[in-house]
There are 2 protein chains.
Amino acid sequence: MAAMHRRYHHGDLRAALLTRAEQTLREKGPGALSLRELARDLGVSHAAPSRHFKDKQALLDALALAGFDRLHETLAASREAGETFPDRLGGLVRAYVDFAVANAELLDLMYTVKHDPAASEALIAAAHRLGAMAEEMVAEGQRDGEVREGPVDSIALPVFTTLHGFASFAMSSVLSAEQVADGLDAVIAYMLRGCAP
Amino acid sequence: MAAMHRRYHHGDLRAALLTRAEQTLREKGPGALSLRELARDLGVSHAAPSRHFKDKQALLDALALAGFDRLHETLAASREAGETFPDRLGGLVRAYVDFAVANAELLDLMYTVKHDPAASEALIAAAHRLGAMAEEMVAEGQRDGEVREGPVDSIALPVFTTLHGFASFAMSSVLSAEQVADGLDAVIAYMLRGCAP
DNA sequence: ACCTGAACACCGTTCAAGT
DNA sequence: ACCTGAACACCGTTCAAGT
């Protein structure tokens, strides 16, 4: 085993790049993210990352996609807990906001305007999967008579919109941590008024 | 006048840099924004911009700040038109969404997570000025009995949040132009339910 | 005041070559 | 398959020097 010591990278360079990239994204911001530094940190030549990501944007896209997966898992888990529609909605909002605060730079990356429209297809699909969760929750609420009738979209879209808007304010520090905590209940109450039969 | 021809820049390099920067931001995206190219385009040495912006981030901040000013003007104008609260709210939403679609990259820049918390003070203040507009509108609606009673913030914050969330989806192309147009009325109706007495 | 020109330390990307 | 090393064309920032 000493023979292959430091020859090739330890197994999965791709995963190592993503992990390390997210770490520096969180600690030093998106501006400090450099492929060359990443390679240096991982003890690999600066050209090595290109085997796994065709360019820097491809790494950023992969990072964003992984972020959507994790957010999706988190929200799905929150949806399980909660007997009533208000409980489930409240749980969803809190989970989304918590993720936004804990992963501000990543969430920013996830929703950043892509100038190349074709490249963002997978990211848009991932966002739609999130929207679909809101739809399911609303539809379930309608079946139980806890949510007003009408096209699911006409309620799920505004709900998802408010959810994301609040998280967006929280992550961009337009709202302080205190304002987020203080405003949360009012926002949830308002959302419930918008959903009420 | 031929004597000063091409010696110094045409009067206001600072303003020229901002104008040109916003143009390339819109046309080629934020990744293509380079100080050196900007200087080249304006026929000035690559070190000249540093006289007006201490670094690249300072230029981006100035750009974002100017964006907030323009958005503020646009929204203030939309608020004048409209006799009833629903009319004024609808006008505000449409104005914000129009701005978001027409200036997606700029709005993204305006709300981008700044890793240096101190640097973004002025930007946060600008966002708060926008929030204050929502507060005024809600307070006015309360006086006229068109909006439910209670602390202004408990209604204005969710309203502003929904507003921004929808614009954010529109600009990040999570929603297509069609989905934005189709969803607008449902979102406004939902907001009004959240505000209703 | 405002700008130039050179210099420095970085980038991302590509490509022949190695194992 | 996976990585290296050198090369290329760019960056942002700084700083003496010019007018």
Side-chain angles (χ1 to χ4, degrees), chain A residues 1-25 27-64 105 109 112 114-116 119, chain B residues 1-25 27-64 105 109 112 114-116 119:
Chain A
M1 56 217 288
M4 66 170 294
H5 189 237
R6 290 287 166 212
R7 285 219 58 70
Y8 285 179
H9 191 266
H10 49 73
D12 196 347
L13 180 55
R14 194 193 133 93
L17 283 166
L18 286 174
T19 303
R20 182 73 180 165
E22 190 184 335
Q23 188 183 344
T24 73
L25 182 68
E27 291 172 0
K28 303 192 207 165
L33 205 58
S34 133
L35 287 181
R36 283 179 106 109
E37 189 176 7
L38 239 41
R40 240 176 283 137
D41 291 347
L42 297 176
V44 97
S45 97
H46 65 258
S50 75
R51 287 286 133 190
H52 303 276
F53 302 101
K54 85 174 220 290
D55 56 19
K56 191 180 183 180
Q57 189 57 52
L59 186 149
L60 293 178
D61 286 350
L63 216 47
E105 298 86 357
L109 188 68
T112 271
K114 296 295 178 304
H115 201 252
D116 180 3
Chain B
M1 58 219 286
M4 67 170 294
H5 190 237
R6 288 292 166 211
R7 284 218 60 70
Y8 284 179
H9 191 266
H10 49 73
D12 197 348
L13 179 57
R14 196 193 132 93
L17 283 166
L18 286 174
T19 303
R20 183 72 178 164
E22 191 184 335
Q23 188 183 345
T24 74
L25 182 68
E27 290 172 3
K28 304 191 206 164
L33 204 57
S34 134
L35 287 181
R36 282 180 107 108
E37 190 176 6
L38 240 40
R40 238 177 284 136
D41 290 348
L42 297 176
V44 98
S45 100
H46 65 257
S50 74
R51 287 286 134 189
H52 302 276
F53 303 101
K54 83 174 220 291
D55 57 19
K56 191 180 182 180
Q57 190 56 52
L59 185 149
L60 294 177
D61 287 349
L63 216 49
E105 298 87 357
L109 188 68
T112 271
K114 296 298 175 304
H115 198 253
D116 180 3

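In what follows, chains carry the letters A, B, and so on, assigned in the order in which the sequence lines appear, proteins first and then strands, with residues in each chain numbered from 1.
Atom-to-atom, NZ of B:K28 to P of D:dC10 comes out at 13 Å; the value is rounded to the nearest Å. Rounded to a whole Å, the CZ atom of B:R36 is 12 Å from the C1' atom of C:dC11. Separating the NE2 atom of A:H46 from the P atom of C:dT14 is a distance of 12 Å, rounded to the nearest angstrom. The interatomic distance linking B:E37 (CD) with D:dC11 (P) rounds to 6 Å, in whole Å. Per the geometry, CG belonging to B:L38 stands 11 Å off P belonging to D:dC11, to the nearest Å. Residue A:D12 contributes atom CG, which lies 14 Å from atom C1' of D:dA1 at whole-angstrom precision. Atoms CG (A:D41) and P (C:dC11) sit 10 Å apart, rounded to a whole Å.
The distance from atom CG of A:D61 to atom NZ of A:K56, rounded to the nearest 0.5 Å, is 12.5 Å. In this structure, the separation between CG on B:L13 and CZ on B:R51 is 11.5 Å, given to the nearest 0.5 Å. One distance of note links CZ of A:R40 with CG of A:L35; it measures 11.0 Å at 0.5 Å rounding. A:L59 CG to A:K54 NZ: the interatomic distance, rounded to the nearest 0.5 Å, is 12.0 Å.
Considering B:L25, B:L33, B:L38 in turn, B:L38 is the only one that fulfils the side-chain contact (heavy atoms from CB on, under 4.5 Å) rule with B:R20.
Each of C:dC3, C:dG12, D:dT13 was ranked by its minimum atom distance to the side chain of B:L35; first place goes to D:dT13. Ranking D:dT4, C:dG5, D:dC11 by closeness to the B:S34 side chain, first place goes to D:dC11. In this structure, the nucleotide among C:dC3, D:dT14, C:dT14 sitting nearest to the side chain of B:A47 is D:dT14. When each of C:dT4, C:dC11, D:dA6 is scored by its nearest atom to the side-chain atoms of B:A48, the top-ranked nucleotide is C:dT4.
If you check every strand for non-hydrogen atoms under 4.0 Å, B:S45 touches a base. Using a 4.0 Å heavy-atom cutoff across all strands shown, A:R40 reaches sugar-phosphate atoms only and no base atom.
With contacts defined as side-chain heavy-atom distances shorter than 4.5 Å, the pair B:F53/B:L63 does not qualify.
Base pairing annotation: C:dA9 forms no Watson-Crick or G-U wobble pair, as no partner gives both donor-acceptor distances under 3.5 Å. Nucleotide D:dC3 forms a pair with no other nucleotide shown, judged by Watson-Crick or G-U wobble geometry with both contacts under 3.5 Å. Under the Watson-Crick or G-U wobble criterion, with both distances below 3.5 Å, C:dA17 is left unpaired in every strand shown.
Looking at residues 49-58 of chain B, you'll see B:R51, B:H52 sit with a heavy atom under 4.0 Å from some atom of DNA chain C.
Pairing each heavy atom of B:A62 with each of B:R14, the nearest pair is CB-NH2, 4.2 Å.
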